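The structure under discussion appears below in the form of structure tokens.
Heads up: numbering here begins at 1 and tracks the sequence. Bear in mind the structure is a predicted one, so any value in this text is a computation, not a measurement.
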Amino acid sequence: MSRSPAGGLFLLFCLLLALRDTFTQILLTGSATNGGARAQVAPVSMLFVYCWTAVALAWFFRFVRTGAMLPRVRMDRRQAARFVKLGIATWGVYAATIWGIGMVGAPVFNIVDYGAMPIMTMAAATLLVRERLSLRSYGCGLLGVIGVVLLLTVEPATSRELGGVTASWTLGVVLALLSPILTAYSSALQKQQVAEGLHPDEVLLYRFPIPALLMTTWFIATQPMLTWSQTAALVLVGAAGLFLPLLLLCFGFMRASLGQFASYLFLIPVFTLVMVPAVVVGEWERLMHWQIAVGSLLLLGSYVTAEVLPRATSTRREQTGADGSRR
């Protein structure tokens with residue numbers, strides 16, 4: 001068995017999401033970086049720009065590919081229901097992520113979120129997509145949950161000021177636990193759309209209009225301050241850290257299963273734990289090092305057990321079989 005052609009796509013997906021969440025924390029909290037502190041961006045503004053960036057890029061990609069100005073709108077009742085469910089779930093995922101990161105920071109949020117997400121994605125793969133997974137896969141998912149439990153002993157940081165509201169550590173952790181439930185559900189629905197023949201840009205074009213409209217209503221109602229420089233930064237992060245990873249994910253689903261995708265998710269908190277302390281002043285001192293180290297090893301170890309070791313074993317078996325055939 002050779003390396004899965006989707007492996008590189010899933011790996012890049014994890015790296016881009018870690019980058020997105022790192023810059024999300026910097027923009028939300030005005031964290032000081034090597035370039036100095038900056039003004040905070042309101043969470044409502046951030047999600048508003050992210051959603052419309054995804055809609056615009058999905059439309060542009062489809063227009064370049066097909067030349068059609070408008071997407072096809074004929075859907076049967078089942079497809080329409082899935083469109084609504086995916087849109088609402090998508091809004092919930094990104095609302096929980098943005099507000100949660102502002103409350104507890106990207107490293108802790110991603111540890112809880114993505115440590116719990118693989119086992120939930122595997123459950124979604126079994127219950128919704130009817131994929132058959134091995135006991136080893138579920139064992140690795142439970143190993144990631146152990147890492148989450150250990151890292152939840154990190155001392156709560158001082159509550160942050162997020163958009164004029166004092167953020168609660170406990171609420172941030174609750175949002176981090178809600179996010180993987182909605183993400184696993186969204187991934188299963190997205191996998192079904194790809195399996196039914198929708199092109200990746202069409203999947204995203206159907207996924208984001210509902211969140212974009214919801215955030216437009218919220219944005220108009222609250223009228224948060226948003227500068228042109230903040231808008232430009234949010235468009236860049238939304239394009240590279242939201243639209244592009246989801247596009248890659250759709251292409252990955254064309255080549256691999258939902259269960260295989262789940263085995264890569266442990267890498268996101270590991271990447272985040274490296275990136276955020278590297279660019280945010282004082283972040284490393286705020287985190288408790290031994291819990292971070294133990295949790296990271298568990299998360300990385302579960303990925304190795306689920307993905308790397310089976311490939312190596314299969315490769316050795318193929319080589320042994322090839323040698324035997326020569327004899």
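- Residues meeting the side chain to side chain contact (heavy atoms under 4.5 Å, CB included) test with Ala212, sequence neighbours left out: Cys51, Trp52, Val55.
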One pair to check against side chain to side chain contact (heavy atoms under 4.5 Å, CB included): Trp99 and Leu47. What are the steps and the verdict? CA-CA 10 Å; Trp99 267 268; Leu47 190 50; 4.3 Å; yes
Could you go through residues 9-22 and list every donor-acceptor pair under 3.5 Å that involves a side-chain atom there, pairing it with any protein atom two or more places apart or in another chain?
| residue | atom | partner | partner atom | Å |
| --- | --- | --- | --- | --- |
| Asp21 | OD2 | Asn110 | ND2 | 3.0 |
| Thr22 | OG1 | Ala18 | O | 2.8 |

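- Closest non-hydrogen pair, Thr29 versus Gly102, comes out as CG2-O, 4.1 Å.
- For Tyr94, the side chain to side chain donor-acceptor pair (under 3.5 Å) criterion is met by no residue, not counting sequence neighbours.
- With sequence neighbours left out, the side chain to side chain donor-acceptor pair (under 3.5 Å) criterion links Thr217 to no other residue.
- Taken from CG in Leu175 to CG in Leu171, the straight-line distance is 4.5 Å, to the nearest 0.5 Å.
- The closest side-chain heavy-atom distance from Leu246 to Phe208 is below 4.5 Å.
- Cluster annotation: Val108 and Val174 are assigned to distinct hydrophobic clusters (Ile/Leu/Val/Met/Phe/Trp/Tyr, side-chain heavy-atom contacts under 4.5 Å, transitive).
- Within the 3.5 Å criterion, the main-chain N or O of Val41 finds no donor-acceptor partner in the side chain of Ser45.
- Between the side chains of Tyr50 and Thr24, at least one donor N or O lies within less than 3.5 Å of an accepting N or O.
- Closest non-hydrogen pair, Gly172 versus Val104, comes out as CA-CG1, 3.9 Å.
- Following chains of ILVMFWY side-chain contacts shorter than 4.5 Å, one can reach Val84 starting from Met215, so the two form part of one hydrophobic cluster.
- The side chain to side chain contact (heavy atoms under 4.5 Å, CB included) test applied to Phe60 returns Val64, not counting sequence neighbours.
- Qualifying side chain to side chain donor-acceptor pair (under 3.5 Å) partners for Thr97, counting only residues two or more places apart in sequence or in other chains: none.
- Ile268 CD1 to Met275 CE: the interatomic distance, rounded to the nearest 0.5 Å, is 10.0 Å.
- Ile101 and Val274 fall into different hydrophobic clusters, where Ile, Leu, Val, Met, Phe, Trp and Tyr side chains are chained together by heavy-atom contacts under 4.5 Å.
- Two different hydrophobic clusters hold Val279 and Leu236 under the rule that ILVMFWY side chains link at heavy-atom gaps under 4.5 Å.
- Using a 4.5 Å heavy-atom threshold, the side chains of Leu27 and Leu234 count as touching.
- Counting heavy atoms from C-beta outward, Glu202 and Arg62 have side chains that approach closer than 4.5 Å.
- When all heavy atoms are compared, the tightest approach of Ala176 to Pro180 is O-CD, 2.8 Å.
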Please step through side chain to side chain contact (heavy atoms under 4.5 Å, CB included) for the pair Tyr206 and Leu86, ending with a clear verdict. CA-CA 8 Å; Tyr206 283 110; Leu86 182 58; 5.9 Å; no
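- Separation of atoms CZ (Phe109) and CG (Leu177) is listed at 9.0 Å; rounding is to 0.5 Å.
- The ring-ring contact (aromatic ring centres under 6.0 Å, His included) search around Phe23 returns none, not counting sequence neighbours.
- In this structure, Gln25 contributes its side chain and Ala106 its backbone to a donor-acceptor pair below 3.5 Å.
- For Ser179 against Ala96, the heavy-atom pair with the smallest separation is CB-CB, 4.3 Å.
- Looking at residues two or more places apart in sequence or on another chain, you find a ring-ring contact (aromatic ring centres under 6.0 Å, His included) between Phe61 and Phe243.
- Contact of the Asp201 side chain with the Trp59 side chain is not registered, since no non-hydrogen atoms from C-beta on lie closer than 4.5 Å.
- Both Leu213 and Val44 belong to a single network of hydrophobic side chains, linked directly or stepwise wherever heavy atoms of I, L, V, M, F, W or Y lie under 4.5 Å apart.
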Would you sort out whether Leu242 and Val237 count as a side chain to side chain contact (heavy atoms under 4.5 Å, CB included), showing the intermediate values? CA-CA 7 Å; Leu242 189 149; Val237 176; over 6 Å; no
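- Among residues two or more places apart in sequence or in another chain, the side chain to side chain contact (heavy atoms under 4.5 Å, CB included) test is passed with Val235 by Val49, Thr53, Thr231.
- Residues His199 and Phe251 meet the side-chain proximity criterion, which asks for heavy atoms closer than 4.5 Å.
- Legend: salt bridge (charged side-chain N to carboxylate O under 4.0 Å, His left out) pairs involving residues 82-109, not counting sequence neighbours, sorted by first then second residue: Arg82-Glu196.
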Derivation of the side chain to side chain contact (heavy atoms under 4.5 Å, CB included) call for Gln230 and Thr227: CA-CA 5 Å; Gln230 290 173 337; Thr227 67; 3.1 Å; yes
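- For Ala89, the side chain to side chain contact (heavy atoms under 4.5 Å, CB included) partners are Tyr185, Ser186, not counting sequence neighbours.
- Closest approach of Leu214 to Trp91, counting heavy atoms only: CD1-CG, 3.9 Å.
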